[in-house]
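Scroll down for the structure; my scribbles are underneath it.
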Amino acid sequence: MSEKKSSIFSIGLIRGLLGMLAGYAVGFGLVSVIRLLQGLPVWAYNPSGNQYGFSEPAWVVGAIFGIIGFILALGVVSDWLKLMDGQQTPEHPADAFPSGVRRYLSASYDHKVIGIQYGVTAILLLGVAGVFALIFRTELAQPELQIVSLQTYNTIMSLHGIVMIAGILLGVAAMSNYLVPLLIGANDMAFPRLNAFAYWINVPAAIVLLSSYFLGGFDTGWTGYPPLSQRAPLGMDMFFLGVIFVGFSSIFGALNVIATAIRQRAKGMGYFRMPIFVWSALATALIALTATQLIGLSFEMVMFERLFGMGFFAPEKGGDPILFQHLFWFYSHPAVYVFVLTGLGVISEILPVFARKPLFGYRWVALSSFGIALVGFLVWAHHMFTSGMASYLRIPFMYSTLLVAVPTGVKFFSWVATIWEGKLSFETPMLFVLGAISIFLLGGLSGPPNATVATDLHLQDTYWIVGHFHATMFGGFVFPFFAAIYYWFPKVTGRMYNEALGKLHFYLMLPAFYVQSLGQMQVGLLGMRRRIADYDPALGITLQQLLITIAAFVIFTSVVIAVVNFVYSAARGPAAARNPWRSRSPEFMLPSPLPVLNYAQPLVVVGEPYDYGTDYAFVNIDPDRKIAAAAEDQPAPEEQAPTAPASSAAAD
Amino acid sequence: MTTETVTLTDYQRKTNTNRLGLWLFIASDLFMFGGLFISRFYLLGTGVRPELNQFLGLAITAILLVSSFFANRGETAMAYGDRKTFERSFLITIALGIVFLVGVVGVEWQTAPYGPGESVVWSLFYTMTGFHAFHVLTGVIFLFIVFRNARKGLYNEERHWPVEAAAVYWHFIDVVWIFFYPALYLIGLPPA
């Protein structure tokens with residue numbers, strides 16, 4: 001059946017890339033014609049003078065048109081265009097390919113496929129950013145410059161930051177997209193077409209972002225502070241555009257998660273019976289929905305400065321560079337909670353399964369996610385203690401920042417109490433969860449010294465901050481992300497990963513990470529500045545720098561082992577059991593791999609989600625899908641509409 | 001987002017989800033406008049504003065407010081099944097929206113004494129009105145699509161979510177301008 005349309009252009013990604021090229025051409029042409037009419041030069045090539053063929057406005061418009069062209073050619077918005085024309089379309093359009101790799105390379109409206117698309121893209125971007133890290137870690141292994149120029153170092157260091165962040169955002173979206181509908185007993189997200197759109201906009205955005213490397217790069221770090229970003233090469237614009245469009249994806253994805261969690265819950269699933277992951281996904285989505293606008297706005301304002309000569313952040317025109325930092329950190333601090341809250345939700349979700357105990361203090365953990373999200377909106381200026389902002393602002397922001405430790409502490413106490421006297425077993429997902437807890441503790445404890453003004457004045461812009469940040473990211477995202485992949489791998493692929501390779505991954509990554517992060521903190525305290533390519537041998541940190549570099553290579557190797565494990569096991573691994581972890585979660589009542597239609601029969605919530613060690617069930621579900629067998633031939637939408645319950649009131 | 005839904009209950013259920021989605025989008029967009037609004041006061045305080053055509057500002061503000069009335073009238077008419085009033089009201093809304101756009105981009109921008117690069121006062125003026133005008137433009141397009149689909153007979157008194165969505169979005173744009181108008185035209189004095 002899938003062999004009928006075998007033309008290469010039936011694959012969405014290929015069409016999209018061609019459309020992107022066409023979009024670029026249109027954009028270049030449009031701006032060049034306008035410039036010709038204005039009598040301005042159209043073509044100049046001189047990389048050392050920041051001229052890359054077409055003019056800067058042409059590149060910006062070209063990139064925007066390119067992204068639009070990608071989306072149009074891919075066909076992920078064709079339903080909306082039909083709706084605008086007054087045609088009726090099915091709520092849940094059929095996929096172009098029912099199975100196989102091409103299904104994942106084309107527009108699909110199944111939340112599980114989109115979740116996988118997000119996840120694979122995330123791992124690709126994280127891998128690219130990891131390679132950047134390896135390059136500049138090699139450079140930093142010894143004092144003085146050996147392998148890259150200063151400009152290349154700056155670009156690679158900046159790209160490492162922002163590509164990692166884009167990858168993390170996609171990884172977070174992968175988990176929310178795949179898991180939220182499954183965990184609340186829904187058949188799909190609230191807005192399947194918006195979901196597909198939100199994923200696919202990432203692909204051209206990532207291409208534009210990475211294209212900055214070839215357009216002079218940028219030397220501002222991932223923060224893009226003006227006035228440096230006003231003067232940076234053309235790559236800066238591509239950085240801004242890439243982030244803005246990834247931001248769109250983040251906003252629409254968050255909107256979808258909120259609407260799904262509020263409107264699509266199964267019968268009997270009151271808010272306080274939702275699996276805890278859904279709570280953290282909801283809190284994450286609230287931040288991403290609102291705060292993301294501010295980073296988009298701040299980057300747009302710098303682009304307007306570059307393109308139209310505006311002066312928001314230029315003192316000579318009456319502007320104020322501090323304003324940029326306020327706008328930027330109003331997103332970028334809460335964004336850190338976007339990165340970690342989902343991961344913390346994964347920890348709370350998986351820990352009771354392997355401890356065979358109820359999650360301790362479920363309601364407190366659920367609300368602590370919202371606590372972190374809300375307090376997270378009030379702390380942004382702790383990034384700016386040394387920026388020259390009004391000094392009376394320092395103390396309130398110091399206290400609000402320290403306040404974050406309270407809801408975070410709630411989570412830690414819940415985890416410890418859940419482990420306490422549990423019957424722990426140590427399969428790979430559990431190892432990663434425990435590793436995440438220990439690393440996030442390191443990240444958390446190294447936070448208050450940065451929040452306290454007196455110590456932060458010394459720590460600002462040192463490698464201590466780098467160590468702290470990497471500990472929070474590894475503990476809050478990387479380890480939980482891998483835990484989630486290993487834990488849900490049998491559900492996703494229907495096959496089991498290789499446990500020995502999984503453990504090898506963990507036992508390589510954990511110690512290497514500790515060497516790297518503690519080493520970064522130490523060299524920071526000894527005087528190493530962040531973001532610089534060279535350091536003075538007299539600092540006495542050469543050995544530590546070498547160890548950090550070796551640790552980085554070990555981490556990368558362990559990730560390669562994991563990816564090999566995933567790819568090989570997905571194709572050749574042993575068939576997975578229905579519920580290998582004896583989980584109570586509804587998705588583990590379904591066959592492995594998961595059927596296209598999640599819940600052929602609506603599930604009914606009859607108990608608490610984490611009552612491990614009792615005989616009471618969480619959900620009633622027809623494990624053999626008897627009704628499903630009859631309905632399997634039906635396409636999803638007809639099935640979904642009549643059976644899905646109306647907005648379910650809290651049942652507990 | 002209209003869909004092939006079978007029963008009215010389904011339609012209402014889906015509409016409730018859509019309504020939530022629209023309001024979430026508006027909440028998100030408000031943060032963008034809020035950021036611009038706060039930037040304006042952060043940079044200029046309450047003492048400075050651009051030197052603008054006061055009569056034009058008052059006129060386009062009045063036009064936008066009146067257009068919101070007609071958007072609401074059209075939506076209500078559709079809810080009662082009065083197609084003629086609906087069509088007339090939405091046409092007036094679209095026309096007023098276009099007049100507003102011409103007033104801002106076609107007149108105010110062209111007659112303003114300085115360009116966006118002159119100083120931060122003018123950067124803010126062009127950016128705030130530009131972002132708002134872009135939303136007005138999308139609103140006009142949205143209203144027009146809904147108007148055109150209504151003429152095809154796609155909506156009735158029970159099923160007219162797109163009509164409601166277009167009207168709500170239009171009101172949202174209007175409310176943003178209610179904050180932007182005093183911030184740009186009324187608060188402070190032009191720099192000497």
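Chain A is the first sequence line, chain B the second, and so forth, proteins listed ahead of strands; every chain is numbered from 1.
With a threshold of 4.5 angstrom between heavy atoms, B:Phe33 does not approach chain A through any atom at all. For A:Asp85, the parts lying near chain B are the backbone and the side chain together; criterion is any non-hydrogen pair under 4.5 Å. Interface remark: B:Ile38 contributes no atoms to any contact with chain A (heavy atom separation under 4.5 Å). Residue contact with chain A, scored on non-hydrogen atoms closer than 4.5 Å, involves the backbone and the side chain of B:Leu36 alike. Residue contact with chain B, scored on non-hydrogen atoms closer than 4.5 Å, is absent for A:Leu286. A:Glu305 does not touch chain B: none of its heavy atoms, backbone or side chain, sits under 4.5 Å away. Interface remark: A:Leu289 contributes backbone and side-chain atoms alike to the contact with chain B (heavy atom separation under 4.5 Å).
The CG atom of A:Leu327 lies 9.0 Å from the OH atom of B:Tyr42; values are rounded to the nearest 0.5 Å. Summarising the geometry, atom OG1 belonging to A:Thr290 is positioned 14.0 Å from atom CE belonging to B:Met32; distances are rounded to the nearest 0.5 Å. Between the NZ atom of A:Lys317 and the OG atom of B:Ser119 there is a distance of 9.0 Å, given to the nearest 0.5 Å. A distance of 6.5 Å separates CD in A:Gln88 from CG in B:Leu154, rounded to the nearest 0.5 Å. For the atom pair CE of A:Met84 and CZ of B:Phe144, the computed distance is 12.5 Å after rounding to the nearest 0.5 Å. Here the straight-line distance linking atom CD of A:Gln293 with atom CG of B:Asp29 works out to 5.5 Å at 0.5 Å rounding.
Across all non-hydrogen atoms, the minimal contact from B:Ser123 to A:Gly311 is OG-N, 2.9 Å. The shortest heavy-atom contact between B:Arg13 and A:Gln264 is NH1-OE1, 3.9 Å.
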CA sep, side-chain torsions, deciding dist, call: B:Phe131, A:Leu297, side chain to side chain contact (heavy atoms under 4.5 Å, CB included): CA-CA 10 Å; B:Phe131 268 107; A:Leu297 179 66; 4.2 Å; yes
Verdict with reasoning, A:Ile251 to B:Phe25, per side chain to side chain contact (heavy atoms under 4.5 Å, CB included): CA-CA 8 Å; A:Ile251 290 170; B:Phe25 172 77; 5.7 Å; no
Test log, rule side chain to side chain contact (heavy atoms under 4.5 Å, CB included), inputs A:Met301 and B:Ser39: CA-CA 11 Å; A:Met301 285 159 91; B:Ser39 300; 3.9 Å; yes
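The environment of CD in B:Glu51 is sparse: at most 12 heavy-atom neighbours from other residues, nucleotides or ligands sit within 6.0 Å. Atom CZ of B:Phe134 is surrounded by 12 or fewer heavy atoms from other residues, nucleotides or ligands within 6.0 Å.
For the set A:Asp320, A:Leu255, A:Leu323, the count of heavy-atom pairs under 4.5 angstrom toward chain B peaks at A:Leu323. Highest contact tally toward chain B, considering only A:Phe308, A:Phe313, A:Phe312, A:Phe304, is held by A:Phe312 [criterion: heavy-atom pairs under 4.5 Å]. Of all the listed residues (B:Val48, B:Ile145, B:Leu43), the one sharing the greatest number of non-hydrogen pairs under 4.5 Å with chain A is B:Leu43. Listed options B:Gly117, B:Gly115, B:Gly35 were ranked by heavy-atom pairs under 4.5 angstrom with chain A; first place goes to B:Gly117.
Within the 3.5 Å criterion, the main-chain N or O of A:Gln87 finds no donor-acceptor partner in the side chain of B:Lys152.
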